[in-house]
Amino acid sequence: MRAVIIYNSLTGTTRTAAHRLASELRALRIEATPVAIGDVDEAAVAEVDLVVVGTWTDGLVVLGQKPAGRKRLRALPSLAGKRAVVFCTYAVDPGQTLDKLVAEVEDRGAEVIGGFAVARHNLNGDIAELVDRLTPALTA
Ligand SMILES: Cc1cc2nc3c(=O)[nH]c(=O)nc-3n(C[C@H](O)[C@H](O)[C@H](O)COP(=O)(O)O)c2cc1C
């Protein structure tokens, strides 16, 4: 199975999460490649079975949270026919960020099979849990 992990990162946390996720997926024999959202083109998603989209939580800490980089999310190539997983990183409270991110990725045509909020202070732990929860779907 091949996966692309599309990440939108301002200060590096989501990028680190994307790379950590890639190495955990590779341990499951999934060929996973992290790509910054600005570098994604149709070729990057054409050959993959799974698209992961991760961004950071943008809001007023506990109010009005949303996925950062909506313009770029909306400019992603078509994800029609792809299975997708989304994640957001956050500092305090992601609010409705995940639901909004699911909606954005579904708008691009993907079938979202999972969504995870990843605390920046527990990056490795939350990524490990994400992978544990996804493993049955990804290795079936
Ligand atoms: C402008 C701005 C707004 C933010 N708003 C929130 C927020 O509302 N809730 C929250 O939990 N974290 C918030 N954060 C924290 C980031 O979502 C968090 O640190 C994230 O992991 C950063 O990812 P990055 O390093 O990939 O940019 C905000 C950060 C910035 C820069």
Side-chain angles (χ1 to χ4, degrees):
M1 179 186 271
R2 291 175 68 177
V4 63
I5 304 173
I6 298 168
Y7 64 86
N8 179 43
S9 184
L10 183 67
T11 60
T13 308
T14 313
R15 180 181 185 280
T16 301
H19 282 261
R20 177 83 191 181
L21 177 58
S23 69
E24 296 232 358
L25 291 179
R26 283 188 213 113
L28 296 175
R29 299 181 178 278
I30 295 168
E31 202 184 307
T33 310
V35 183
I37 195 164
D39 295 335
V40 174
D41 56 14
E42 287 189 11
V45 299
E47 303 293 327
V48 301
D49 311 288
L50 179 75
V51 177
V52 181
V53 180
T55 190
W56 53 279
T57 299
D58 183 13
L60 302 172
V61 187
V62 294
L63 282 177
Q65 298 97 324
K66 58 185 187 303
R70 269 190 161 168
K71 269 192 186 166
R72 283 180 155 177
L73 290 167
R74 287 173 185 172
L76 285 173
S78 169
L79 302 178
K82 303 288 182 189
R83 289 200 298 172
V85 168
V86 299
F87 73 90
C88 66
T89 65
Y90 70 98
V92 179
D93 178 0
Q96 301 302 306
T97 300
L98 220 40
D99 289 345
K100 293 173 182 173
L101 185 54
V102 168
E104 295 289 353
V105 173
E106 285 179 347
D107 270 1
R108 302 306 306 132
E111 179 203 351
V112 178
I113 62 167
F116 301 86
V118 174
R120 73 177 185 194
H121 57 267
N122 186 34
L123 218 56
N124 290 351
D126 280 359
I127 292 290
E129 190 180 327
L130 182 169
V131 171
D132 275 353
R133 285 166 56 188
L134 276 180
T135 300
L138 297 183
T139 55

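Model, not experiment: these values are computed from the prediction.
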Just list the side-chain donor-acceptor pairs under 3.5 Å for residues 82-92, sequence neighbours left out, or say none.
residue : atom : partner : partner atom : Å
K82     : NZ   : V45     : O            : 2.9
K82     : NZ   : A46     : O            : 3.1
K82     : NZ   : V48     : O            : 2.9
T89     : OG1  : T14     : OG1          : 2.9

Using the side-chain contact (heavy atoms from CB on, under 4.5 Å) rule, take N124 and I127 through it: C-alpha gap first, then chi angles, then the decisive distance, then the call. CA-CA 5 Å; N124 290 351; I127 292 290; 5.7 Å; no
Run the salt bridge (Lys or Arg N to Asp or Glu O under 4.0 Å) check on R108 and E104 step by step: do they pass? CA-CA 7 Å; R108 302 306 306 132; E104 295 289 353; over 6 Å; no
Stepwise, does the side-chain contact (heavy atoms from CB on, under 4.5 Å) test hold for F116 with E129? CA-CA 9 Å; F116 301 86; E129 190 180 327; over 6 Å; no
Evaluate V52 against L21 for side-chain contact (heavy atoms from CB on, under 4.5 Å), listing each step before the verdict. CA-CA 10 Å; V52 181; L21 177 58; 3.8 Å; yes
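L50 and V112 are not part of a single hydrophobic cluster, where members link through side-chain heavy atoms under 4.5 Å apart. With hydrophobic clusters built from ILVMFWY side chains whose heavy atoms lie under 4.5 angstrom apart, I113 shares a cluster with L25. In the hydrophobic clustering of this structure, L98 does not group with V131; members are Ile, Leu, Val, Met, Phe, Trp, Tyr whose side-chain heavy atoms approach within less than 4.5 Å, directly or through other members. Put simply, V35 and Y7 are part of two different groups of oily side chains (I, L, V, M, F, W, Y) that touch within less than 4.5 Å, one to the next. By the criterion of side-chain heavy atoms lying less than 4.5 angstrom apart, applied directly or through intervening Ile, Leu, Val, Met, Phe, Trp or Tyr residues, V118 is not grouped with V102; the two fall into different hydrophobic clusters.
Using a 4.0 Å cut-off between a side-chain N of Lys or Arg and a carboxylate O of Asp or Glu, K66 and D58 qualify as a salt bridge.
Minimum heavy-atom separation, P77 to E42: CB-CG, 3.7 Å. In plain terms, the two heavy atoms of P34 and R26 that are nearest each other are CD-NH2, 3.9 Å. The shortest non-hydrogen separation linking D93 to G95 is OD1-N, 2.9 Å. The shortest heavy-atom contact between M1 and L138 is CE-O, 3.8 Å.
Here the CG atom belonging to L73 is positioned 6.0 Å from the CG atom belonging to L101, to the nearest 0.5 angstrom.
Residues V105 and L79 form a side-chain contact, since some pair of their non-hydrogen atoms from C-beta on lies under 4.5 Å apart. Counting heavy atoms from C-beta on, the side chains of P67 and T57 never come closer than 4.5 Å.
Summarising the local packing, CD of Q96 is surrounded by 12 or fewer heavy atoms from other residues, nucleotides or ligands at distances under 6.0 Å. Counting heavy-atom neighbours within 6.0 Å of R70 CZ, excluding the residue itself, gives a total above 12.
No option in I6, N8, T55, V40 other than N8 meets the side-chain contact (heavy atoms from CB on, under 4.5 Å) test with R72.
Side-chain N or O atoms of E47 include none that pairs as donor or acceptor with a backbone N or O of A43 at under 3.5 Å.
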